[in-house]
Each structure stands twice: as C-alpha cells, then as structure tokens.
Trainee: 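I am attaching a structure below and will ask some questions about it afterwards.
On a predicted model such as this, the values are computed, not experimentally measured, just so you know.
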Amino acid sequence: MRFRDSLFRLGACALLGFAALSGTAHAAGTLAGTDINNSATLDYSVGGVTQGQICSSPSGNSDSLNCLNKRTTFKVDNKINLKVTTQETTAVPAVPGGTGTMTFIVSNDGNSPQGFAFATTTNLASGSVNSMFGGTGSITDNFDPSSCTIFNSTNLAVGITSVNSVDPDRSVTLKVVCAVPLGRLNADLAAVALRATATAVGGAALNQSADNLPGVIDIVFADVAGPNDGARDAAHSARHAVRVDTAAIRVTKSMATICDPAGGAPSPAPTAYTPKSIPGAYIQYTVTIANIGGAASAVLTTLADRLDTSNVTFDSRLITGANAVSGEPACSATGTVMSAGNSFRVTWTGGARTSFPGGVKYLLESGNYSAPDISVNWANVLPAEDTYQAAELAPGDTVTLTYNVIIN
C-alpha cells in the first residue's frame, strides 16, 4: 500500500477517535486530563515485496509490535474560564435600616471542576458607576452599604466566602445581602461588585503553567476582564446595585401670631394691623407631616413636642383670635374657639379616610397634652380603614396638627 493510502486510513481513524470523544464533550470543551491518543501506520514494499507494517511512536519506531503502547499521547490542559452575571437587571429595593438582596450567578465555563472564592466591593466611586448588570447600564451611586454578606442560594442561614467545587458547564447561584444605613433617602443607590476567583477543588490557589508538557495537565487562564478584574487573571466580576425604596417624609413646623393684646387680630387697610409676638399674644403652631412622593407608605408612631412652659402657656381652647364681644381686645378670654372643648385640630389631605369627614378632626387636650409635653399617638388619630392600616401615610398624603400657645 502506498503512503497516501496509509494517510487516508490514519485520517479515518482520527475521525473515529473524535467521534468517540464527542459523547463526553461539553460546551466548555473536552475535559481537562483527557488523553488524546494517536498513531500513524506505514505500509511499504522493497523490491516489489510488501514489507511489514510500521507504526509510529513519539521517539521513532521501525516495527509493528505493541503499537497501542507506542501511540503519541498528550493530556488536555485545564482551561480556567468563569463568568459572573446578575440575575436581576435593575437595582433591588431596600428600606433604610433594612437589607437589599442581589442575585449573582457564577458559571464555570472551563473544562475542569473548580472551586471559587468570593469577595464583594462596596466602596465603589460615587457618581456614575458603569458596567452595571452585565455591562448594560449605569447608575449614580451615592452611598455605601454598612455591610454585605454572601450566601449560597441553597442555604441562606450561613454566610460563605467560597465553594469547594463546581463542575464544568455548571453554576452556583449566590445571594448577596447588603445592609442599608438608617437615614438614607428614597431613590438613593449603592453599587456593589462581586468578584469570583477560580481555585483548585477544595480551595488551593491556582498558578498558570509556564510550559506545555504533553503528559501534564497544565493550567491556562482564559477568562475575560470584568468591571472589577483583569483579563486572564483567573477571576471575573459583575456589578449590581441596591436602591432605597422608602417613604419620603418631610416634617415642617410653622408659627403665626394670630392676635396680640395691643392691637388685636390681623386687619386690612385702611386700619391695617399685623399682630406682634408680645406677652399675651396667641401663637398658632402648625406641624405638617407629608409623604412627598416616596416609593412606600410610612406608619407614623408618636409625635412628641415639648413646650417651653417657662415662656408660653398651652391654649386649651384653640382660639381663632376673633372678638367674641364688641369692643374687647381680640385676645380676650372670650375669644372665638375653633371647636368648643377641643385643643388640637388635625387636617388630612390625600387618600380618602372616612374617619376624617371633610378632612378635619379635633382632639381633646386630655391624652394629648400633659405639661410640658404634647404627645399624639397616630394610631388613635388615623385608625385602620378601607385600604389604610392604622397610622399609615401613603405617598402623596399629608397630615397637619394645629394648636395654640400664649406668650407669658
């Protein structure tokens, strides 16, 4: 047989060999440590007489004895390749003082089982943080979480920093739970990066091989760069974010002088008079609590307000400042009251509450004022009804408390 016919037979054998291997092939490639065996055979003649077949060997061979043991063999090396992605494509919600839970997926795209070590980076630069959610977006980061803990999604009770082994073409799902400091405002954002580093099964560090030795499973780093790692460093990373979704509560306390004993109540021209804050004058305080468009309702508990009783006296009658008897000063003891027997007025605007007919309610001094402290329990003032739970202030709702004091 001529040499080219022998080569044809060699190619056919090689194809059969590859076909046999295809049954164990993975998307990540042939498994590390797999032996690739191959040999060539030569048929030839001398003086027209066919001679014995010769099989090849790595060092050279001149016979056909024990050809299976003379094959040229090499081992498939260990290709280190991994990828970190985020499951959610937008920032996850959290409330101040609570936690936000982000989902990361670490995939072994290499051709050998690998361990992985994990670490988070929370102090990313404030401002625009790019390469979020797999590089598809950016956010404006303006705070850092208090802490972050990594969990395997199969056990959310114990934090981890590594996993011992992940097979090729398999992944591990991680939950990264980050604590949000108190005091953060609605729509605040914190960027968080998770970096995974490939290790040997069990956790030992990996070193890239300098040489390619046929009989040794060499190690090669083949990973691409992530936002918080470099290319071919046996690591990959992805960025996620926590968004503060909370009530946007604003509390405002204003005052107005409604009358004084010298000139009375406000009056228009031509006898215009503006009351002054002098002893004997009535001051009206208004405390306004508003959820100014936050992403969540707030449940109000107690409003506490301590009066300076050395300089003012609580007006238990809640007068308006208008005269009750012609010719008397506007701030006389017989001045008109807003609602007889009541000391506080509560005004509600926003969603419908049947406990506020006309949006106004009056409260007694008893239970709400004990000198020098005003203390209003909102669960009593705003009972549960319809779609509201007790003391709930939904986005867009406002409640105001009005009361008077007299300057001593």
Trainee: Please check this pair: side chain of Asp141 against backbone of Val129, looking for a donor-acceptor N/O pair closer than 3.5 Å.
Mentor: no
Trainee: Please check if any side-chain donor atom of Asn142 sits under 3.5 Å from a side-chain acceptor atom of Asp188, or the reverse.
Mentor: yes
Trainee: Do Thr257 and Ser277 get their side chains close enough for a donor-acceptor pair, meaning under 3.5 Å?
Mentor: yes
Trainee: When you compare the side chains of Asp305 and Tyr285, does any donor N or O come within less than 3.5 Å of an acceptor on the partner?
Mentor: no
Trainee: Quick test of your reading: applying salt bridge (Lys or Arg N to Asp or Glu O under 4.0 Å), list the pairs with at least one residue in residues 108-137, sequence neighbours left out, ordered by first then second residue.
Mentor: none
Trainee: For the residue pair Ser355 and Leu382, establish whether any side-chain heavy-atom pair is separated by less than 4.5 Å.
Mentor: no
Trainee: Please confirm whether the backbone N or O of Ser112 pairs with a side-chain atom of Asn108, one donor and one acceptor, at under 3.5 Å?
Mentor: yes
Trainee: Ignoring hydrogens and angles, tell me if any N or O in the side chain of Asp373 forms a donor-acceptor pair with the backbone of Ser375 under 3.5 Å.
Mentor: no
Trainee: In Å, rounded to the nearest 0.5 Å, how long is the span from OG of Ser171 to CD1 of Ile105?
Mentor: 6.0 Å
Trainee: Check whether any side-chain heavy atom of Leu307 lies under 4.5 Å from a side-chain heavy atom of Ile374, and answer yes or no.
Mentor: yes
Trainee: Just by distance, with hydrogens left out, do Asn311 and Asp308 show a side-chain donor and acceptor under 3.5 Å apart?
Mentor: yes
Trainee: Would you mind reporting whether Met255 and Val405 have side-chain heavy atoms less than 4.5 Å apart?
Mentor: no
Trainee: Has Ser57 got a side-chain atom pairing as donor or acceptor with Lys70's backbone, closer than 3.5 angstrom?
Mentor: no
Trainee: Under a 4.5 Å cut-off applied to non-hydrogen side-chain atoms, are Leu194 and Thr86 in contact?
Mentor: no
Trainee: Can any side-chain N or O of Arg184 pair as donor or acceptor with the backbone N or O of Pro96 at less than 3.5 Å?
Mentor: no
Trainee: Would you list the atom pairs, donor with acceptor, under 3.5 Å between side chains in residues 87-95 and any protein atom, with sequence neighbours excluded?
Mentor:
residue: Glu88; atom: OE1; partner: Thr103; partner atom: N; Å: 3.0
residue: Glu88; atom: OE1; partner: His240; partner atom: NE2; Å: 2.7
residue: Glu88; atom: OE2; partner: Thr103; partner atom: OG1; Å: 2.7

Trainee: So does Gly359 get a backbone contact from the side chain of Lys361, meaning a donor-acceptor N/O pair under 3.5 Å?
Mentor: no
Trainee: Keeping Arg170 on the side-chain end and Pro113 on the backbone end, is there a donor-acceptor pair under 3.5 Å?
Mentor: no
Trainee: Check whether any side-chain heavy atom of Trp378 sits under 4.5 Å from a side-chain heavy atom of Ile289, and report yes or no.
Mentor: yes
Trainee: Could you tell me whether the side chains of Asn186 and Thr246 share a donor-acceptor contact shorter than 3.5 Å?
Mentor: no
Trainee: Which pairs, with at least one residue in residues 196-224 and sequence neighbours excluded, count as a salt bridge (Lys or Arg N to Asp or Glu O under 4.0 Å)?
Mentor: none
Trainee: Thr313 and Asn408: side-chain donor and acceptor closer than 3.5 Å?
Mentor: yes
Trainee: Do you see a donor-acceptor pair shorter than 3.5 Å between the side chains of Thr73 and Asp35?
Mentor: no
Trainee: Return yes when atom NZ of Lys175 has more than 12 non-hydrogen atoms of other residues, nucleotides or ligands closer than 6.0 Å, and no otherwise.
Mentor: yes
Trainee: Counting N and O atoms only, with roles assigned by atom type, does the side chain of Gln53 sit under 3.5 Å from a partner on the main chain of Leu42, one being a donor and the other an acceptor?
Mentor: no
Trainee: Under a 4.5 Å cut-off applied to non-hydrogen side-chain atoms, are Asn111 and Pro168 in contact?
Mentor: no
Trainee: Quick one: does Asp315's side chain have a donor or acceptor within less than 3.5 Å of a partner on Ile319's backbone?
Mentor: yes
Trainee: Could you go step by step and tell me if Asn291 and Ile249 meet the side chain to side chain contact (heavy atoms under 4.5 Å, CB included) rule?
Mentor: CA-CA 5 Å; Asn291 190 343; Ile249 300 298; 3.9 Å; yes
